[in-house]
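What follows is a set of notes on a single structure, which appears directly below.
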2 protein chains.
Amino acid sequence: MSLDSIRSTLIRQEDSTIFALIERAQFRRNEAIYAKGILQLDPSIPDYPFLNSLSFLEYLLLETEKLHGKVRRYTSPEEHAFFPQYLPSPILTPLQFPTLLAPNTVDVNAQILDLYIHEIVPAVCKEGDDEQHGSSVLADITLLQAISRRIHLGKFVAETKFQESEAQYRALVAADDVEGVMALLTDTAVEARVLERAKLKASTYGQDITGETEECKVEPEVIAAIYRDVIIPLTKDVEVLYLFERVGREVPFPLPAPAEEYRLRVGGRI
Amino acid sequence: MSLDSIRSTLIRQEDSTIFALIERAQFRRNEAIYAKGILQLDPSIPDYPFLNSLSFLEYLLLETEKLHGKVRRYTSPEEHAFFPQYLPSPILTPLQFPTLLAPNTVDVNAQILDLYIHEIVPAVCKEGDDEQHGSSVLADITLLQAISRRIHLGKFVAETKFQESEAQYRALVAADDVEGVMALLTDTAVEARVLERAKLKASTYGQDITGETEECKVEPEVIAAIYRDVIIPLTKDVEVLYLFERVGREVPFPLPAPAEEYRLRVGGRI
């Protein structure tokens with residue numbers, strides 16, 4: 001594992017994420033799919049009260065995770081379920097993964113789901129309801145899984161950086177210096193390149209090939225803002241959380257930060 | 001419903017299909033996921049002998065369809081399950097779809113699955129096994145669903161054409177003139193535009209944005225060949241099948257044609 005090989009994984013993951021953003025953007029916001037408790041499931045199904053209290057997105061995400069969990073998806077250190085407490089045991093023989101990470105409990109999926117619904121969907125989808133609820137939920141699930149994978153790959157970045165500068169990270173963590181850890185792991189030149197690349201990918205993959213409109217399927221500025229204001233900051237939170245746990249010390253204040261700190265700053269919205 | 005509105009649906013569906021082809025192409029062929037009976041499922045699961053006889057792809061496709069069937073996916077006339085005989089009843093209240101098609105039984109998914117595994121995967125993926133079996137199967141499922149949706153949208157095309165030239169189609173069908181029906185519904189200028197557009201989309205969406213290589217993630221010629229040799233011919237088979245059933249007459253010979261007729265003619269392969 002090297003920082004270069006992780007970076008090329010992250011760059012390939014950008015394509016999947018931006019494809020998935022463009023796919024979701026073809027449908028309206030369809031806010032009904034995020035409303036809890038309106039599914040009216042059949043009361044005879046197992047776990048009825050709990051399942052019926054979920055939104056359509058949560059219900060299908062949970063059931064998808066249960067299915068993928070059966071075929072071992074969440075035994076991979078790169079994958080994090082949004083509903084880990086409900087996963088069944090895999091029905092396939094276990095795989096051996098190389099031990100690249102220290103054991104850890106870092107998981108920011110609750111924050112990702114919240115920001116996804118309240119920031120990302122309103123930024124990429126037009127208002128209103130086009131009745132494409134099933135297709136929208138499936139696009140949501142693909143996109144949430146892509147974003148979650150991207151953000152939690154921060155653990156691998158953190159482990160590599162830790163191995164390169166172990167003494168420095170240990171000293172900063174021992175001093176409860178969250179800002180110092182954040183500063184040491186931040187590479188502003190790399191972050192600027194990520195934003196430039198995200199914008200370029202958005203304008204390339206999102207263009208109207210038939211040439212009937214100049215408009216991109218998702219504004220490149222919006223995609224860059226999603227990286228700048230949500231994906232990169234949450235990735236860095238994952239890195240800090242991982243490094244503190246790596247050294248065996250509690251983070252002195254709760255991370256990820258409160259949701260307000262990740263609001264998208266784009267277009268007319270502040 | 002007009003031919004124009006169906007065509008714009010088909011054009012948008014191209015983007016989804018080409019994105020999905022590019023996503024699958026990041027993994028190797030991983031032929032083990034298409035081999036039947038090697039899953040070694042837990043014998044205590046329901047339907048064990050049948051499920052254990054499937055390939056990994058078939059197993060996860062079937063389970064995904066069962067899940068999506070529960071939330072009404074296959075009540076839409078645009079959606080066709082690969083395993084319709086195993087679908088559960090939906091657990092949500094039924095939706096009303098506008099009646100645009102005549103009732104029909106047209107379904108070429110068995111042919112699509114066969115050609116997908118034996119023609120499309122070998123054409124878009126590098127040989128070998130990269131152990132990304134779960135990710136490859138999920139990419140397969142998204143892609144199969146996109147291709148199936150595209151091909152079965154041919155029913156809507158056929159219905160529109162039938163309404164525009166009912167007397168002509170009735171006469172050709174009554175004369176068992178499959179070739180004549182095929183000729184009447186064929187628009188070679190539109191087909192040429194589809195191929196040009198597929199190539200352009202493949203070279204745009206599949207380019208390496210970082211500029212490290214000139215190579216596309218999937219050769220544009222391969223994507224055009226998939227449209228020319230598989231997607232368009234199967235769509236036209238769907239149209240013919242639908243039109244014969246529309247008039248209440250059996251097709252005089254089996255359609256879709258035998259798999260040999262859809263072999264991809266691309267690169268070194270004939």
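In what follows, chains are A, B, ... by sequence order, proteins preceding strands, each numbered from 1.
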Next on the checklist: Could you go through A:D15 and B:K217, starting from their C-alpha distance and side-chain angles, then the distance that decides it, and tell me whether this counts as side-chain contact (heavy atoms from CB on, under 4.5 Å)?
Outcome noted: CA-CA 11 Å; A:D15 291 4; B:K217 297 195 183 88; 2.7 Å; yes

If you count heavy atoms of other groups shown closer than 6.0 angstrom to CD of A:Q85, is the number above 12?
yes

Most contact-rich option vs chain A, by heavy-atom pairs under 4.5 angstrom, among B:D42, B:L92, B:L41, B:T204, is B:T204

Applying a strict 4.5 Å limit to non-hydrogen atoms, the region of A:Q40 in contact with chain B is backbone

So, the part of A:I22 with a heavy atom under 4.5 Å from chain B: the answer is both

Cut-off 4.5 Å, heavy atoms of chain A, and the answer for B:E131 is neither

Given B:E23, B:E14, B:E63, the one with more heavy-atom pairs under 4.5 angstrom with chain A than any other is B:E23

Honestly, the part of B:S76 sitting under 4.5 Å from a heavy atom of chain A is neither

Rounded to the nearest 0.5 Å, the OG atom of A:S135 sits from the CD atom of B:E79 at a distance of 6.5 Å

Whatever's closer than 4.5 Å to a heavy atom in chain A on B:R12 counts as side chain

When the 4.5 angstrom heavy-atom criterion is applied to A:R193 and chain B, the contacting part is neither

Applying a strict 4.5 Å limit to non-hydrogen atoms, the region of B:H133 in contact with chain A is neither

Counting heavy-atom pairs under 4.5 Å with chain B, the top scorer among A:I91, A:I11, A:L200, A:L39 is A:I91

Pair count under 4.5 Å, heavy atoms only, with chain A: among B:L60, B:I45, B:V137, highest is B:L60

Ranked by heavy-atom pairs below 4.5 Å to chain B, first place among A:K201, A:K66, A:Q26 goes to A:Q26

To the nearest 0.5 Å, atom CD1 of A:I18 lies from atom OH of B:Y205 at 13.5 Å

*asked:* Is the shortest side-chain heavy-atom distance between B:L138 and A:R73 below 4.5 Å?
replied: yes

Applying a strict 4.5 Å limit to non-hydrogen atoms, the region of A:T93 in contact with chain B is neither

Applying a strict 4.5 Å limit to non-hydrogen atoms, the region of A:K70 in contact with chain B is side chain

